[in-house]
Protein chains: 2
Amino acid sequence: MAGPSRRNAAITLMQINTANRNVAMHMRLAKSACSECPIRHRAVCAECDSDELAVLEQIKSYLTVPKGGSIAVAGERLDYLSSVVSGCASISKTLVDGRRQMVGLLLPSDFIGRPGRSTLSFDVDAVSEVTLCRFERRAFEGIVKSSPNVARRLLTMTLDELDIARDWQVLLGRLTARERVAHFLLSLVRRDSGEVDDGLFVGSANLTLPLSRELIADYLGLTIETTSRQFTALRRDGLIEIPGSRQVFVPDLARLSLETMDDDGGPIA
Amino acid sequence: MAGPSRRNAAITLMQINTANRNVAMHMRLAKSACSECPIRHRAVCAECDSDELAVLEQIKSYLTVPKGGSIAVAGERLDYLSSVVSGCASISKTLVDGRRQMVGLLLPSDFIGRPGRSTLSFDVDAVSEVTLCRFERRAFEGIVKSSPNVARRLLTMTLDELDIARDWQVLLGRLTARERVAHFLLSLVRRDSGEVDDGLFVGSANLTLPLSRELIADYLGLTIETTSRQFTALRRDGLIEIPGSRQVFVPDLARLSLETMDDDGGPIA
DNA sequence: GGCCCGCCTTGACCTGGATCAATCGGGTCC
DNA sequence: GGACCCGATTGATCCAGGTCAAGGCGGGCC
């Protein structure tokens, strides 16, 4: 690398400010029943019994954040903890000179916030329109105390996130640009396909990318240009097809997974 | 970067095998009372009342792993969870071609293992001689269920580790070699000094590095050579003195912290 | 239709850090 | 004391990915 990117600091900051202003545009939605909730069995409430669920139901509220809007700002007070019900959000840090690194990608059922602390150390932004199921922090902390099923689920989810963050560290520290892009595409495949049978990449897959090239670059610790060139290179080598800039077809997942040096789901097992 | 390092794959693997053999050299130590334990108020047991502590005391055992020894191997069964009582251990992943990335550095009071799962996805190795306070997994999982103070403490510690991992992602994804080394030194200062008053780097500090240049390189996602050159460059610029290869004196912490682009504890706040 | 505006792609060139290869100490063993 | 070893340093060179700078392309708007 020829020094991490410092370009577009002004543009970057402008985008962030725009995002902050969008906070005012949040819309309130009517509650819907937990029993109907699409993330009922994967979110922080997954292991709740009906009593516990009733308590959560009482304190929850919904919030929709528009695409590009800010969900939380590093260092600022955050009085709600929430689950992503739909949409996609990013966790990232922007350095003072504009360099940015994404450190988390939040999809439906992922949890935002840190019980026991009122600030986060990272920015959380809506990549697409995001609907949140929110809990006022104090109330939620009480529930964590009284409901072991919520506490246990939260611990499991946090441990999973820690594993993801550490795999991501390996990607950022040691993989080449091509390996990073291949790994990114396969991680999307894994998430799409129920994220259970990881390690088995067989057949083909059609992907809709949730991120722009710029955000993919932020995710992978690369520049937009390098990211774009790697997509082109993978296409030229017949590993992927790109019918649209947000569409990727992988004709042979096993062959693509070889590009990550992995023999069972990534060099990053 | 000119492509992540792929050198020394054979040597690396040999070292790992040597480490594995060391498992057989583990020594058993007599128990000592929890009330006398140096990590009593920082480890997973920190919030236990005397009843809970008594239960833990009953199932705990000590284990000393020699320097270079293996504490856990990625993917292999691990039937004990443990706290580091003394010494220093690393969490890392080695790719099939020998590239290695450290993703965690364990110091006294840090916890090893994942309740609810019998394997880890990373290797854990003793950087120096390490003494562990171990709990058989099944028994410990029972305690987590019955003792909310242990469960809560475990959640807090895991959330802290997640923040550390994400800051580390920013370092690996976006900082220059010089910034990485400066950041590494300052993170050691912070850990040494009670790790409370972070953000305030004033005065000078004398450091004993817990890691060799090779392991520092694994930590920072660099090669040994680049790491060594950055130490030399910081010395040449008067930011540090190097009385011995494991000794670093920082005459002006504030000045060194400017090298990380940070104005209150790192660009990585 | 034609213009504009955001993305995305592509090309030419540069450079930070990797690679390859000595060399330098300090420690240990005979 | 000398030979050896192993980690650390330093030098010379290379190259992956960053930087700078044009285009290309699809979608919305008049």
Side-chain angles (χ1 to χ4, degrees), chain A residues 1-9 11-12 14-15 18 67-68 97-101 127-128 171-181 209-218 220-236 240 242-248 259, chain B residues 1-9 11-12 14-15 18 67-68 97-101 127-128 171-181 209-218 220-236 240 242-248 259:
Chain A
M1 135 178 57
S5 168
R6 299 184 199 237
R7 291 175 305 156
N8 300 336
I11 291 172
T12 299
M14 205 164 63
Q15 289 171 336
T18 304
K67 178 174 175 170
D97 64 357
R99 284 176 282 176
R100 194 185 338 182
Q101 177 62 50
V127 168
S128 64
L171 176 145
L172 293 171
R174 297 299 181 193
L175 297 199
T176 63
R178 166 181 270 243
E179 289 167 341
R180 294 183 200 199
V181 171
L209 304 182
L211 305 176
S212 66
R213 292 289 183 275
E214 176 168 29
L215 289 179
I216 296 173
D218 287 346
L220 297 175
L222 301 170
T223 58
I224 301 182
E225 295 94 326
T226 297
T227 304
S228 180
R229 276 189 253 268
Q230 295 304 327
F231 272 96
T232 304
L234 290 174
R235 176 167 53 76
R236 212 178 32 233
I240 62 174
I242 310 179
S245 73
R246 292 292 190 111
Q247 293 297 128
V248 172
E259 294 299 319
Chain B
M1 132 179 59
S5 168
R6 299 186 198 235
R7 291 174 306 157
N8 299 338
I11 291 171
T12 300
M14 205 164 64
Q15 288 170 336
T18 305
K67 178 175 176 170
D97 64 0
R99 284 176 282 177
R100 193 183 342 180
Q101 177 63 51
V127 169
S128 64
L171 177 145
L172 294 170
R174 296 299 181 194
L175 298 198
T176 64
R178 167 181 270 244
E179 290 167 340
R180 292 183 202 200
V181 171
L209 304 182
L211 305 176
S212 66
R213 293 289 183 276
E214 176 169 29
L215 289 179
I216 296 173
D218 286 347
L220 297 176
L222 301 170
T223 57
I224 301 182
E225 294 94 327
T226 296
T227 304
S228 179
R229 277 189 252 268
Q230 295 304 327
F231 271 95
T232 304
L234 290 174
R235 175 166 54 77
R236 212 178 34 230
I240 61 174
I242 311 179
S245 73
R246 292 290 189 113
Q247 293 297 127
V248 172
E259 293 300 318

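To find a chain, count down the sequence lines: A is the first, B the second, and so on, and within it residues start at 1. Keep in mind that what you see is a predicted model, and the values were worked out from it rather than measured.
- OP1 or OP2 of C/dG25 has not a single side-chain nitrogen or oxygen of B/Ser245 nearer than 4.0 Å.
- Side chain of B/Arg213 to backbone of B/Ile224: no donor-acceptor contact under 3.5 angstrom is found.
- Residue B/Ile224 contributes atom CD1, which lies 15 Å from atom C1' of C/dC24 at whole-angstrom precision.
- Annotation: the span from A/Thr176 atom OG1 to A/Gln230 atom CD amounts to 7.0 Å, rounded to 0.5 Å.
- Proximity of A/Arg246 to the phosphate of D/dG27: no side-chain N or O atom is located under 4.0 Å from OP1 or OP2.
- Regarding A/Arg99, its CZ atom lies at a distance of 13 Å from the P atom of C/dG16, rounded to whole Å.
- Atom-to-atom, CD1 of A/Ile216 to P of C/dC8 comes out at 8 Å; the value is rounded to the nearest Å.
- The side chain of B/Arg229 approaches D/dT10 more closely than any other nucleotide in the set C/dT10, D/dT9, D/dT10.
- Protein atom CZ of A/Arg236 is 11 Å distant from nucleotide atom C1' of C/dT10, rounded to whole Å.
- Comparing D/dT9, D/dA8, D/dA21 against the side chain of B/Ser212 picks out D/dA8 as the nearest.
- Contacts of A/Arg178 with the nucleic acid, taken as non-hydrogen atoms under 4.0 Å apart, are absent.
- Of the candidates C/dC20, D/dG7, C/dT9, the closest approach to any side-chain atom of A/Arg213 belongs to C/dT9.
- Contact annotation: side chain of A/Glu225 to base of D/dC20, donor-acceptor pair present below 3.5 Å.
- Atoms CD (B/Gln247) and C1' (D/dG7) sit 16 Å apart, rounded to a whole Å.
- As a whole-Å value, the separation of B/Leu175 CG from C/dG16 C1' is 14 Å.
- Atom-to-atom distance recorded for B/Arg99:CZ and B/Asp218:CG is 13.0 Å, nearest 0.5 angstrom.
- When rounded to the nearest whole Å, the span between CG of B/Asp218 and C1' of D/dG7 equals 14 Å.
- Regarding contacts with the backbone of C/dT9, a side-chain N or O of A/Ser228 is found under 4.0 angstrom from either OP1 or OP2.
- Distances shown here put a side-chain N or O of A/Thr223 below 4.0 Å from the OP1 or OP2 atom of D/dG18.
- Between A/Thr226 and the phosphate of D/dG18, there is a side-chain N or O to OP1/OP2 separation shorter than 4.0 Å.
- Along DNA chain D, the nucleotide closest to A/Ala177 and the one closest to B/Phe231 are compared, and the more 5′ of them pairs with B/Phe231.
- No side-chain heavy atom of A/Thr232 sits under 4.5 Å from any side-chain heavy atom of A/Arg229.
- Atom CZ in B/Arg235 sits roughly 9 Å away from atom C1' in D/dT9 (whole-Å rounding).
- Distance check: B/Leu222 CG to B/Leu175 CG gives 10.0 Å after rounding to the nearest 0.5 Å.
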